[in-house]
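All remarks here apply to the structure that follows.
These numbers come from a predicted model, not from an experiment. Position 1 is the first residue of the sequence; numbering continues from there.
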Amino acid sequence: MSVPNFQSFFRPFLEAIADGKDYSLGHIRQVLYLSMKMTEEDLQEVVKSGKQTKFYNRLSWTKTYMSKAGAIDVPSRGFIRINQRGLELLKKPGEIKARDLDAFAEFVSFKKRDIDNADQNILSIGEDNISPEEQLDSLYTDLNAALADELLVQVQGITPQQFEILVVQLLVAMGYGGNTRDAGQALGRSGDNGVDGVVKQDPLGLDKVYLQAKQWTNNVGSQEVRNFSGSLTYHKASKGVLITTAGFSTSAADTARQIGNIILIDGKMLANLMIQYGVGVLTRATYQLRRVDTDFFESI
């Protein structure tokens, strides 16, 4: 037999964790390998790009779908646990389909994507009501959104020392702080699960940026932003960047906007910057989308 289709993974996945205990994806992989009667040959079957096996690809996406549907929780780094919504899904007779997940607002929001800034939504990949190029764009967006979520979980689970290294490497990749050695010397741990320091905005250090990065789980409030603003003068920096692995309260965002020279980077933006600048991620495949060059045919 071949690897079952993507949606065929949904029920076995939830059944594998139905006892409510914490399990790693590796453990679930072994359980599904047996319950779905996979052979070693099946496990070697790869997706079209040849970069990943179909079995692991579909298992990973099943985890993403269940997470977006709110059917599983992530109690600790690398582990998942079924919750009440997941147990309710298991009560449904027969195969669990992607359309069953549409009953949950979180999952619908996950699938929702704007097309050319219009009030249209991509309902699902592969539907005939959108063009192939739009399908590709939507798939790329979904992949990056899922990757950003996974990245943020990883970042929230690393040690303060590892977090400091991550911030330094991201700053250097973005063109700030000079080289890794200079940026590493400029930044130091702040004692509250974060780092702070002054980094160079240009190679000569003519303009300086004061930075704080906090590995927090709770949102940063307006008081922290005001305190940060006061530190700009002390450090003789004209601009400030405040990074958190969590989020910012509405009042914090309003305060930063009123001050004017502070940029706020929340966990979602941090993960997207890591993707954009290639920090903590690998490129699995590159696709080139080509179109007809009309100028070429007009000039010959």
### Query
Transitively linked via ILVMFWY side-chain contacts under 4.5 Å: F107 with L87?
yes
So, do I265 and V241 sit near enough that their side-chain heavy atoms are less than 4.5 Å apart? yes
| field | Check against side chain to side chain contact (heavy atoms under 4.5 Å, CB included), Y56 and L25 | value | CA-CA 10 Å; Y56 187 79; L25 195 62; 3.9 Å; yes
In terms of hydrophobic clusters joined by side-chain contacts under 4.5 Å, are L152 and V74 together? no
*Would R81 and D22 pass as an ion pair if we require N to O under 4.0 Å?*
yes
Practice item. Look at the side chain of R226 and the backbone N and O of T255, then say whether any donor-acceptor pair between them is shorter than 3.5 Å. Key: no
message = Is the terminal nitrogen or CZ of R85 (NZ for Lys, CZ for Arg) located under 6.0 angstrom from the six-membered ring centre of F104 and within 45° of that ring's axis?
response = yes
Could you check if a side-chain atom of M274 sits within less than 4.5 angstrom of a side-chain atom of L166, using non-hydrogen atoms only? yes
- Query: So, S8 and E95: side-chain donor and acceptor under 3.5 Å apart, yes or no?
  - Reply: yes
>> In this structure, would V108 and L101 fall into the same cluster of hydrophobic residues linked by side-chain contacts under 4.5 Å?
In response: no
Has T283 got a side-chain atom pairing as donor or acceptor with A285's backbone, closer than 3.5 angstrom? no
dist N227:CG -> L232:CG (nearest 0.5 Å) comes out at 11.5 Å
Closest non-hydrogen atoms of M36 and F55, given as atom of the first, atom of the second and distance, are SD-CE1, 4.5 Å
*Test side chain to side chain contact (heavy atoms under 4.5 Å, CB included) on I262 and L264 and set out the steps.*
CA-CA 6 Å; I262 295 176; L264 302 181; 3.9 Å; yes
Here the pair of heavy atoms bringing Q7 nearest to A98 is OE1-N, 2.6 Å
**Polar side-chain atom of D73 near backbone of P75 as donor-acceptor pair, under 3.5 Å** = no
The reported gap from CG in L90 to CG in L14 (rounded to nearest 0.5 angstrom) is 5.0 Å
key: Pairwise side-chain contact, T64 with F110, heavy-atom cut-off 4.5 Å (strictly under)   = yes
* To do: Please confirm whether Y65 and F9 have ring centers closer than 6.0 angstrom.
  => no
**Message:** Can a donor-acceptor pair be found, under 3.5 Å and without considering hydrogens, that links the side chain of D42 to the backbone of T39?
**Reply:** yes
Side-chain contact test, heavy atoms from C-beta onward, threshold under 4.5 Å: evaluate it for R58 versus V3 and give yes or no.
yes
*asked:* Are I263 and K239 packed together at the side-chain level, in the sense that at least one heavy-atom pair is separated by less than 4.5 angstrom?
replied: no
Between the NZ atom in K97 and the CZ atom in F10, the distance rounded to the nearest 0.5 Å is 9.5 Å
* Asked: Taking a hydrophobic cluster as the set of Ile, Leu, Val, Met, Phe, Trp and Tyr residues connected by side-chain heavy atoms closer than 4.5 Å, whether directly or through intermediates, do I275 and I158 fall within one such cluster?
  -> yes
| Are D254 and S251 close enough that a side-chain donor and a side-chain acceptor fall under 3.5 Å? | no
Are the side chain of R29 and the backbone N or O of L59 linked by a donor-acceptor pair below 3.5 Å? no
What one should report as the nearest heavy-atom pair of V31 and A16 is CG1-CB, 3.7 Å
Rounding to 0.5 Å, atoms CE (M38) and CD (E45) come to a distance of 9.0 Å
Report task. Could you tell me whether Y234 and Y210 have their ring centroids closer than 6.0 angstrom? Result -> no
(message) Between E40 and L43, is there a side-chain heavy-atom distance shorter than 4.5 Å?
(response) yes
- Query: Under 3.5 Å, side chain of N57 to main-chain N/O of T53, donor-acceptor pair present?
  - Reply: no
In terms of heavy-atom contacts, W61 and L143 come closest through CZ2-CD2, 2.9 Å
Check: Y23 ring centroid to F79 ring centroid under 6.0 Å | no
All heavy atoms of Q215 vs all of V155, minimum pair found to be NE2-O, 3.0 Å
Here the gap from M174 atom CE to Y277 atom OH, rounded to the nearest 0.5 Å, amounts to 5.0 Å
Rounded to the nearest 0.5 Å, the CE atom of M66 sits from the CD1 atom of I82 at a distance of 9.5 Å
| request: Compare all side-chain heavy atoms of T217 with those of T245 and state whether any distance is below 4.5 angstrom. | output: no
More than 12 heavy atoms from other groups under 6.0 Å of NZ on K92
yes
Quiz item: Applying the 4.5 Å side-chain criterion to the ILVMFWY set and letting contacts propagate, would I243 and I165 be lumped into a single cluster?
Solution: no
- Message: Checking side-chain polar atoms at under 3.5 Å, does Q154 have a donor or acceptor matched by the opposite partner on E150?
- Response: no
* Do M269 and D266 come within less than 4.5 Å of each other through their side chains, counting heavy atoms only? -> yes
The residue among V220, N218, N219 that forms side chain to side chain contact (heavy atoms under 4.5 Å, CB included) with W216 is V220
Is there a donor-acceptor contact under 3.5 Å from the side chain of Q162 to the main chain of T159?
yes
- Message: Quick check against the 3.5 Å criterion: does S67 have a side-chain atom that pairs as donor or acceptor with the backbone of K63?
- Response: no
Exercise. Kindly say whether G221 contributes a backbone atom to a donor-acceptor pair with the side chain of E224 at under 3.5 angstrom?
Key: yes
query = Under the side chain to side chain contact (heavy atoms under 4.5 Å, CB included) criterion, do V167 and L211 qualify, and how do the steps go?
reply = CA-CA 10 Å; V167 171; L211 176 138; 4.0 Å; yes
Closest non-hydrogen atoms of N83 and G70, given as atom of the first, atom of the second and distance, are ND2-O, 3.0 Å
